[in-house]
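Just below is one structure, and these are the notes that go with it.
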Amino acid sequence: MKKILDGIKLPSDVKKLNIEQLNLLCGELRDEITEKVSETGGHLASNLGTVELTVALHYVFDSPDEPIIWDVGHQCYTHKILTGRDITGIRTEGGLSGFPKSAESEHDIFVAGHASTSISAALGIAQAKKISGDEGSVVAVVGDGACSGGMIYEAMNNAGRSGTNLVVVLNDNEMSISPNVGAMAKYLANIRSKESYFRFKDNLEHTLLKIPVIGKGIFSVLRAVKTFFKDMFYSSNTFEHFGFTYIGPVDGHNIEMLIRTLRRAQSIKKPVLVHVNTVKGRGYKPAEENPSKFHGVAPFYKENGELKKESADSFSSEFGKIVCQLAENDEKICAITAAMTDGTGLRKFSEKYKNRFFDVGIAEEHAMTFAAGLAAGGMKPVFAVYSTFLQRAYDQILHDASIEPKHVVLGIDRAGIVGGDGETHQGTFDVPVLTTIPGTVIYSPADYKELRTDLEKAFSAKGVQAVRYPRDSEKDIPEEYLADYRDFNYFKGEKDCLIITYGRLFSEAAFAAKETGASVLKLGKIFPLEQNPVDIAKKYSTVLFFEESVKNGSIAEHFGTKLSEAGFKGNYNIHCVSGFVSHMKAENAIKLHGLDRESMKTAVKEALK
């Protein structure tokens with residue numbers, strides 16, 4: 001039997017279907033997404049929760065002329081399928097990105113990998129339309145989790161009275177903003193989504209305002225009464241206070257109601273917020289029962305949801321264990337995360353030390369200044385954060401934690417190349433960011449033992465102390481290259497060539513040196529640089545620096561400057577990450593950028609010629 005999905009090549013094909021066919025299409029989309037994500041891994045629960053919403057959006061709006069901007073973007077798989085893309089191999093080398101990407105399709109007008117950006121971007125596009133006389137709508141789809149980010153409110157404050165045709169769809173899958181309060185709320189939502197209700201409302205307003213003298217007064221009284229009851233039933237009218245017309249809450253899995261509601265929002269011609277309630281993991285029982293596990297999931301068996309390969313330990317899990325152990329003996333240690341309790345390995349800490357654990361939501365800027373405040377109050381906070389998200393808190397590190405030094409430890413997770421998440425999530429910029437901030441100390445452990453040593457040093461020091469580590473587990477290191485966890489370690493070879501590196505690349509360097517006879521200088525404290533490693537390096541004719549960072553502002557550049565100042569006259573070659581790194585397995589990306597052991601061996605052999 002031919003699937004309805006087989007006939008969907010563009011969003012215009014969706015508009016040809018009736019309600020029954022649309023519901024069948026949603027079931028087929030869920031099967032397709034679950035099947036493909038089970039093979040490659042990816043974001044599952046969030047995508048299953050937005051199937052009906054995405055179908056309804058494409059049924060009502062005319063993408064790409066009426067663009068849809070996705071916040072974070074990890075819920076865009078249905079959107080990709082409906083706009084003619086095959087998600088087979090998504091997030092793998094040569095496959096689609098797991099996030100919206102303009103290079104893939106004209107229907108992805110704006111890249112999205114970080115939260116809370118959609119309304120700002122959509123407002124900019126809407127203003128551009130307004131200036132050019134285009135009356136088409138612009139849609140921003142934002143999750144309730146992203147609403148913990150302050151940028152959302154900055155954008156709404158600017159957008160509410162902009163007079164643009166902006167439709168913000170609040171995808172509330174946790175009911176954390178405006179909870180559904182039962183049958184009455186559902187009844188009101190159903191009434192408010194009907195065209196007859198809106199026609200009556202518009203006609204009443206128009207008629208009352210035409211009555212001389214008293215009409216405006218009657219209208220004002222009725223509006224105040226309406227607002228009073230809405231406040232009572234919906235708890236908050238925050239969105240209307242920003243100047244948005246509020247519609248909802250709406251059942252995000254009732255496609256007929258969604259279409260009616262979105263058509264109404266499209267017709268209003270000023271900023272509108274449509275509040276939609278959805279269920280993460282909808283239609284796939286394992287994901288519905290455990291949406292956290294299936295938010296970003298590795299390949300799994302579709303039949304039962306079991307992972308095809310059990311999760312190994314990782315630097316993240318070890319970080320969580322170590323911080324828990326250190327906190328046993330130091331009651332001042334506190335842990336902070338920005339909506340990444342499990343991802344950063346802090347689940348056990350959150351359970352064991354509830355009064356010392358703080359999940360601030362997707363609000364990295366606040367998290368950093370909050371940490372500085374804790375430090376000012378005499379505590380020892382560690383802010384565990386992905387490298388890519390730390391970028392958002394640059395000003396807070398500089399202004400709030402460094403000018404008047406506050407003792408804050410940064411646990412920088414996913415440092416270096418991360419793999420399938422691609423350009424928006426690679427941790428190749430934290431080193432250049434942090435090295436510009438006076439007083440910052442940066443450690444980069446090569447294994448779990450060094451991670452413990454570095455954290456112990458960081459908690460016992462002062463000022464901003466950063467410990468950065470990769471996403472994966474520790475790598476094998478030849479026995480003769482095992483380090484003693486000083487700020488640097490030097491392994492002398494018989495050849496006149498020195499490899500310098502740090503972090504997980506030390507494993508690659510050690511194996512390369514073992515096979516080529518090169519020397520290795522492993523940095524543990526990578527910034528600020530000590531003079532002793534420079535004095536060692538300047539004795540060599542060729543120095544090769546390998547680093548999982550972009551070149552500008554890298555440790556390699558800083559080391560090269562100090563080498564030059566020390567009078568080095570030999571050859572100094574930097575091997576770093578070039579530009580943005582696309583989605584592929586981390587090991588493939590490391591090889592592509594010449595940072596694997598084979599590339600190191602080739603570089604050494606070329607140098608020795």
Counting only heavy atoms not in [X], do more than 12 fall under 6.0 Å of its [atom1]?
X: F357; atom1: CZ; result: yes
X: K585; atom1: NZ; result: no
X: K551; atom1: NZ; result: no

Could you check if a side-chain atom of [X] sits within less than 4.5 angstrom of a side-chain atom of [Y], using non-hydrogen atoms only?
X: N173; Y: N171; result: yes
X: E365; Y: D395; result: no
X: K380; Y: V409; result: no
X: N158; Y: L123; result: yes

Closest non-hydrogen atom pair, [X] against [Y]:
X: R414; Y: G343; answer: NH1-O, 2.9 Å
X: V467; Y: A458; answer: CG2-CB, 4.1 Å
X: T424; Y: T388; answer: O-OG1, 2.7 Å

Ignoring hydrogens and geometry, is there a side-chain-to-backbone donor-acceptor pair from [X] to [Y] under 3.5 Å?
X: N47; Y: C76; result: yes
X: S116; Y: A146; result: yes
X: E66; Y: S63; result: no
X: H253; Y: T278; result: no
X: R30; Y: R282; result: yes
X: D430; Y: S387; result: no
X: E106; Y: P64; result: no
X: E404; Y: A401; result: no
X: S402; Y: H399; result: no
X: T92; Y: G89; result: yes

Pair S137, N165: side-chain N/O donor-acceptor within cut-off below 3.5 Å: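 Note: S137 and N165 side chains miss the donor-acceptor criterion.
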
Atom pair CD1/CG of I68 and L53 - distance to nearest 0.5 Å: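 Spacing of CD1 (I68) from CG (L53) equals 8.5 Å.
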
Distance (rounded to the nearest 0.5 Å) between I152 CD1 and I119 CD1: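 If we round to the nearest 0.5 Å, I152:CD1 and I119:CD1 are 4.0 Å apart.
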
Ion pair [X]/[Y], N-O distance below 4.0 Å:
X: E548; Y: R504; answer: yes
X: K406; Y: D400; answer: no
X: E104; Y: R85; answer: yes
X: E289; Y: K280; answer: no
X: E135; Y: K130; answer: no
X: R347; Y: D342; answer: yes

Name of the residue among V141, T78, L258, I259 meeting side chain to side chain contact (heavy atoms under 4.5 Å, CB included) with L57: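 Considering V141, T78, L258, I259, a side chain to side chain contact (heavy atoms under 4.5 Å, CB included) with L57 is found only for V141.
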
Taking the six-membered ring for Trp and the full ring for Phe, Tyr or His, determine whether the centres of [X] and [Y] are under 6.0 Å apart.
X: F99; Y: H114; answer: no
X: H425; Y: F389; answer: yes
X: F239; Y: F242; answer: no

Taking the six-membered ring for Trp, are [X] and [Y] parallel (under 30°), tilted (30 to 60°) or perpendicular (over 60°)?
X: H107; Y: H58; answer: perpendicular
X: F429; Y: F580; answer: tilted
X: F315; Y: Y469; answer: parallel

